[in-house]
Protein chains: 2
Amino acid sequence: MTDSIEDWPTGRLLSVAARLVEQRWRERLDQAQLTHAGLIVLHLLADHPLTLGELARRARVTAQTMGRTVDNLARDARVRIVVDPVDRRRRLVERTEAGIRTMESLTGLEVSMFPPLADPAEFREQLLQIIRHVGGDPQITYGDAR
Amino acid sequence: MTDSIEDWPTGRLLSVAARLVEQRWRERLDQAQLTHAGLIVLHLLADHPLTLGELARRARVTAQTMGRTVDNLARDARVRIVVDPVDRRRRLVERTEAGIRTMESLTGLEVSMFPPLADPAEFREQLLQIIRHVGGDPQITYGDAR
DNA sequence: CTCCATTACTAAGCGCGCTGAGTATCATAC
DNA sequence: GTATGATACTCAGCGCGCTTAGTAATGGAG
């Protein structure tokens, strides 16, 4: 006994909380055949197409991870991947009609999805503090890295 | 531009923060041939052996996930898995000498690992609020579930 | 003692993180 | 015009979450 979750180090609590919230999302997104990672991508593409690398940078994941997530979205026809004619190394990702419709059916959900907190604004600020401190500036790293 | 991370919904910030902190851990734990999940298990086993299911319940993961994590620890000889002679369905997990030594070499790290916050206690309280709200009571579910 | 539900765990498979190691394509230097 | 280096992305592989679908052992009911 005694080692209840109240005694856990903060980092561990953070992981658990994130996992549980994501799981809550999953329950809801399963109906729409979407994942949390996929939702983020669709969101990032709201205004205009982006390259794979730019998506990765903004989502704070590696290009490899983003590549797979985008592939999954493309497989489900939520997104289209086109080679940039100007720079053929680049893959431009853009939402399909289906992708846009999917997003529209989920608007406003982000807010209602999150459990109520005593001080939501303060909580956000603390999260941003952590991200800025640990994450530094987003800089996609490939295999080579430095 | 304009869609900087400041505008992200809180749930997404939570995921990113957790991921970045875990990654910070990874950098440190790689040296000790350990993972974040493995560290949690070793921590939970500090006082006495536990069954696989009990470990899963306390870590708030499924028995399947815990099974694999424990297997990995056993492979690296950080942990020993013995069949409970009283109830042969149960697998008791206990730390080995190596596992204990590994833990000792990491004491105090949990605190220094976490980035400084304006109000750490308040932050913890909010995380616990989320966990209690979303996680409910820990209840391991297997394939059957309900 | 046998049947049957429950419990504890395993197996298989998927998504999302990661790393390390390629392969194209572009841009620059010469 | 051809080397050289940087950039953008892919491939392979691992750990940790999850789900769905088993198997083995226990514990009651009869």
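In what follows, chains are A, B, ... by sequence order, proteins preceding strands, each numbered from 1.
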remark   = Comparing nearest nucleotides in DNA chain D, the 5'-proximal residue of the pair A:Glu54, A:Arg19 is A:Glu54
inquiry  = If you assign each of A:Ala63 and B:Thr69 to its closest nucleotide in DNA chain D, which residue comes earlier from the 5' end?
reply    =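 Per heavy-atom nearest nucleotide, the more 5' residue is A:Ala63.
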query = Does a side-chain N-to-carboxylate-O contact under 4.0 Å join B:Glu54 and B:Arg57?
reply =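 Yes.
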Whole-Å gap separating [atom2] ([N]) and [atom1] ([X]):
{"X": "B:Arg91", "N": "C:dT7", "atom1": "CZ", "atom2": "P", "value": "18 Å"}
{"X": "A:Leu29", "N": "C:dG15", "atom1": "CG", "atom2": "P", "value": "15 Å"}
{"X": "B:His36", "N": "C:dC18", "atom1": "NE2", "atom2": "P", "value": "15 Å"}
{"X": "A:Arg24", "N": "D:dT19", "atom1": "CZ", "atom2": "P", "value": "15 Å"}
{"X": "B:Asp30", "N": "C:dG17", "atom1": "CG", "atom2": "C1'", "value": "14 Å"}
{"X": "A:Leu52", "N": "D:dC11", "atom1": "CG", "atom2": "C1'", "value": "14 Å"}
{"X": "A:Leu92", "N": "D:dA8", "atom1": "CG", "atom2": "P", "value": "12 Å"}
{"X": "B:Leu39", "N": "D:dC16", "atom1": "CG", "atom2": "C1'", "value": "14 Å"}

query = Does any N or O donor sit under 3.5 Å from an N or O acceptor when you compare the side chain of A:Gln64 with the base of C:dG20?
reply = yes
ask   = If you measure from CD1 on A:Ile100 to CG on A:Leu42, what distance do you get to the nearest 0.5 Å?
value = 9.5 Å
Gap separating the NE2 atom of B:His36 from the CD1 atom of B:Ile40, nearest 0.5 angstrom =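 CD1 of B:Ile40 is found 5.0 Å from NE2 of B:His36.
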ask   = Is the A:Phe123 ring parallel, tilted or perpendicular to the B:Phe123 ring (thresholds 30°, 60°)?
value = parallel
ask   = In terms of the nearest nucleotide of DNA chain C, which residue is placed more toward the 5' end: A:Asn72 or B:Thr51?
value =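 The 5'-side residue here is B:Thr51.
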Does a nitrogen or oxygen in the side chain of [X] sit under 4.0 Å from OP1 or OP2 of [N]?
{"X": "B:Arg26", "N": "D:dC14", "result": "no"}
{"X": "A:Arg68", "N": "C:dC16", "result": "no"}
{"X": "A:Thr35", "N": "C:dG15", "result": "no"}
{"X": "B:Thr65", "N": "D:dC18", "result": "yes"}

ask   = Looking for any heavy atom pair under 4.0 Å, which part of the strands does A:Glu22 touch: base, sugar-phosphate only, or nothing?
value =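 Nothing: the residue A:Glu22, judged by heavy atoms under 4.0 Å, touches no strand.
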Sugar-phosphate, base or nothing in reach of B:Arg57, heavy atoms under 4.0 Å = nothing
Side chains of [X] and [Y] only: does a donor on one sit below 3.5 Å from an acceptor on the other?
{"X": "A:Arg78", "Y": "A:Thr102", "answer": "yes"}
{"X": "B:Arg124", "Y": "A:Thr10", "answer": "yes"}
{"X": "A:Gln23", "Y": "A:Glu27", "answer": "no"}

Between the protein and nucleotides 24-26 of chain D, which nitrogen or oxygen pairs come in under 3.5 angstrom?
residue: D:dT26; atom: OP1; partner: B:Arg88; partner atom: N; Å: 3.1

key: Transitive ILVMFWY side-chain link B:Leu45 to B:Met103, under 4.5 Å   =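 Yes, because B:Leu45 and B:Met103 connect within a single hydrophobic cluster, where side-chain heavy atoms sit under 4.5 Å apart.
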